[in-house]
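Residues: numbered from 1 along the sequence shown. Any value given below was found using the heavy atoms of this structure, including those in side chains, with hydrogens, waters and symmetry copies removed. Treat the numbers as computed from the prediction; the structure is a model and nothing was measured.
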Amino acid sequence: MKTDLNHDRIAMIIERARRERSIAAGRAIATAMHKVLDWMEKGSPNTRQAEKQHGYHLSSEGSRPNTFDTSAFV
């Protein structure tokens with residue numbers, strides 16, 4: 001079976017792959033940043049509950065969601 005891949009189709013496939021890779025990298029960076037911020041917000045086990053600061057959370061699932069909401073990155 002022979003496919004008809006001209007220069008334009010190959011360029012389109014490469015551009016789509018780059019776009020998908022860029023989106024995946026952005027999601028990975030956002031997830032890592034979110035985990036670091038959650039870790040920083042949580043503090044050490046010795047931190048008293050009253051001293052903890054409750055900052056802005058990206059997810060709409062409450063102050064302690066189970067997963068990171070990536071719907072804003074689609």
Novice: Closer than 3.5 angstrom, by distance alone: can the side chain of Thr31 be matched with the main-chain N or O of Arg27 as a donor-acceptor pair?
Specialist: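 Looks like yes, one N/O pair under 3.5 Å.
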
Novice: Quick one: side chain to side chain contact (heavy atoms under 4.5 Å, CB included) partners of Asn6, sequence neighbours excluded?
Specialist: Asp8, Arg9

Novice: Among Ile, Leu, Val, Met, Phe, Trp and Tyr joined by side-chain contacts under 4.5 Å, find the other residues sharing a cluster with Met12 and list them by chain and number.
Specialist: none

Novice: Tell me who clusters with Ile10, hydrophobic residues only, linked when side chains sit under 4.5 Å apart either directly or through other members.
Specialist: Leu5, Ile13, Ile14

Novice: So, taking the atom named CD in Glu41 and the one named NE2 in His34, what distance separates them when rounded to the nearest 0.5 Å?
Specialist: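 Answer for the CD-NE2 pair, Glu41 versus His34, is 8.5 Å.
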
